[in-house]
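The structure appears right after this line, and notes come after that.
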Amino acid sequence: MTPIPREFFARPSVQVAPDLLGCVLEHETAEGLVAVELTEVEAYAGQSDPASHAYRGRTARNAVMFGPPGHAYVYFTYGMHFCVNLVCQDADNASAVLLRAGRVIEGEELARARRARRTHKAGGDHDRAGQDSAGQDSAGQDSAGQDSASQDSASQDRAALATRDLARGPARLCQALDIDRSLDGADVCTAGSPLRVRRRQTGAGTNVRSGQRNIRSGPRVGVSAAADVPWRFWLDGDPTVSAYRPWVARRRKLVTP
DNA sequence: TTGCCGATCTTCT
DNA sequence: GAAGATCGGCAAA
């Protein structure tokens with residue numbers, strides 16, 4: 001399957017974002033391949049966009065945004081989640097498109113197992129989501145050494161996970177695809193790359209955009225700056241699109257004297 | 001179904 | 001030291 005050419009990403013992120021809807025992001029690992037059809041994205045304009053990570057200039061974290069288009073910018077947030085962007089335009093702009101949600105179209109069982117693994121751990125005693133993923137290959141490590149009781153519990157979680165929730169949300173999408181900081185800077189336009197973006201094809205070999213459904217746009221989720229800019233794009237009526245949450249200030253933790 | 005809250009740690013001021 | 005492009009659990013409606 002041929003990845004999307006780099007010229008596709010060499011445009012302003014606001015133009016690239018809606019065009020990415022219906023395209024497929026796939027990640028090939030030793031465990032197998034998981035492919036997700038993108039249903040929701042957000043555009044970030046770089047140094048001119050106060051909501052962008054690139055707004056305050058280049059840092060070690062966002063360095064990939066200041067590089068060539070067609071590469072993945074993966075960041076770690078809230079102490080436990082990864083999110084993935086695709087870099088657009090050129091190095092001077094540092095613009096990117098955040099991948100917010102998608103529909104798993106290949107490797108659903110593997111995606112379900114990964115999500116159940118995390119979901120199960122999150123509810124248990126020791127959630128290592130931050131540590132076990134940072135720059136390391138965690139594939140298969142969690143299943144080793146588990147007792148039968150927790151395996152039963154994990155399989156129940158797996159069965160209960162709705163298909164539409166597998167990649168519904170930027171952090172869930174990364175979980176389903178097993179994306180972490182080790183993929184920061186990965187080239188998504190090269191056929192040999194483990195992380196690739198391609199157009200979805202029907203059996204007849206024609207490109208489609210999710211049944212030609214309407215694309216809608218609205219304000220971006222969870223951003224405090226430029227919250228009114230309608231640069232979030234999604235496929236109208238798709239159940240895998242994440243719920244809209246406006247930005248709310250975090251409350252300070254109350255410390256009893 | 002909705003809304004609140006804690007978890008957890010990197011990044012930046 | 002505070003905030004953050006989030007998520008899942010739980011209580012209340």
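Chain identifiers are assigned alphabetically (A, B, ...) following the order of the sequence lines, protein sequences preceding nucleic acid strands; residue numbering begins at 1 within each chain. Predicted, not measured: the structure shown is a model, and the values here were computed from it.
For A:Arg6, the CZ atom counts as densely surrounded, since its 6.0 Å shell holds more than 12 non-hydrogen atoms of other residues, nucleotides or ligands.
In this structure, A:Tyr78 forms an aromatic stack with the base of C:dG4, since both conditions hold: centre separation below 5.5 Å and plane angle below 30°.
At distances below 3.5 Å, at least one donor-acceptor pair connects side-chain atoms of A:Glu40 with backbone N or O atoms of A:Ser242. Formation of a donor-acceptor pair under 3.5 Å by the A:Arg172 side chain with backbone atoms of A:Arg168 is found in this model. Remark: side-chain polar atoms of A:Thr190 are not paired, donor with acceptor, to backbone N or O of A:Gly192 under 3.5 angstrom.
For C:dG8, neither phosphate oxygen OP1 nor OP2 lies less than 4.0 angstrom from any side-chain nitrogen or oxygen of A:Arg168.
Of the two residues contacting DNA chain C, namely A:Val97 and A:Arg172, the nearest-nucleotide position lying further toward the 5' end is that of A:Val97. Each of A:Arg245 and A:Val248 has a nearest nucleotide on DNA chain C; the 5'-most of these lies closest to A:Val248.
Nearest nucleotide to the side chain of A:Met80, out of B:dT8, C:dC7, C:dA5: B:dT8. Taking only side-chain atoms of A:Arg100, from C-beta outward, the nucleotide of C:dA5, C:dG8, B:dT8 with the closest atom is C:dA5. Counting only heavy atoms from C-beta on, A:Tyr44 has its side chain closest to C:dA5 among C:dC7, C:dA5, C:dG4.
For the pair A:Leu166 CG and C:dC7 P, the computed distance is 13 Å after rounding to whole Å. Here C:dA3 presents its P atom at 18 Å from OH of A:Tyr55, a figure rounded to the nearest Å. To the nearest angstrom, P of C:dA5 lies 11 Å from CE of A:Met65. Taking atom CG of A:Asn85 as the reference point, atom P of C:dG4 lies 17 Å away to the nearest angstrom. The separation between A:Leu173 atom CG and C:dA5 atom C1' is 13 Å, rounded to whole Å. As rounded to whole Å, 14 Å separates atom P of C:dA5 from atom OH of A:Tyr244. If you measure from atom CZ of A:Phe82 to atom P of B:dA7, you get 20 Å, rounded to the nearest angstrom. Put simply, CG on A:Leu99 is 13 Å from P on C:dT6, counting in whole angstrom units.
A side-chain N or O of A:Gln175 and one of A:Arg115 form a donor-acceptor pair less than 3.5 Å apart. Using modelled atom types and a 3.5 Å distance limit, the side chains of A:Arg199 and A:Thr2 yield no donor-acceptor pair.
Counting only heavy atoms from C-beta outward, the side chains of A:Arg114 and A:Val34 approach each other to under 4.5 Å.
Side-chain to base pairing of A:Tyr75 with C:dA5: one donor and one acceptor N or O lie within less than 3.5 Å of each other.
A tilted orientation is assigned to the rings of A:Phe82 and A:Phe76, their planes being inclined by 30° to 60°.
Helical stems in DNA chain C, defined as runs of 3 or more consecutive Watson-Crick or G-U wobble pairs with donor-acceptor distances under 3.5 Å: B:1-7 with C:6-12, B:9-12 with C:1-4.
Residue A:Met65 holds its CE atom at 10.5 Å from CG of A:Asn93, rounded to the nearest 0.5 Å. One finds the OH atom of A:Tyr55 at 14.0 Å from the CG atom of A:Asn62 (value rounded to the nearest 0.5 Å).
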What does the list of N/O pairs under 3.5 Å between the protein and nucleotides 11-13 of chain B look like, with a distance for each?
unit_1	atom_1	unit_2	atom_2	d
B:dC12	OP1	A:Thr59	OG1	2.6
B:dT13	OP1	A:Arg56	NE	3.1

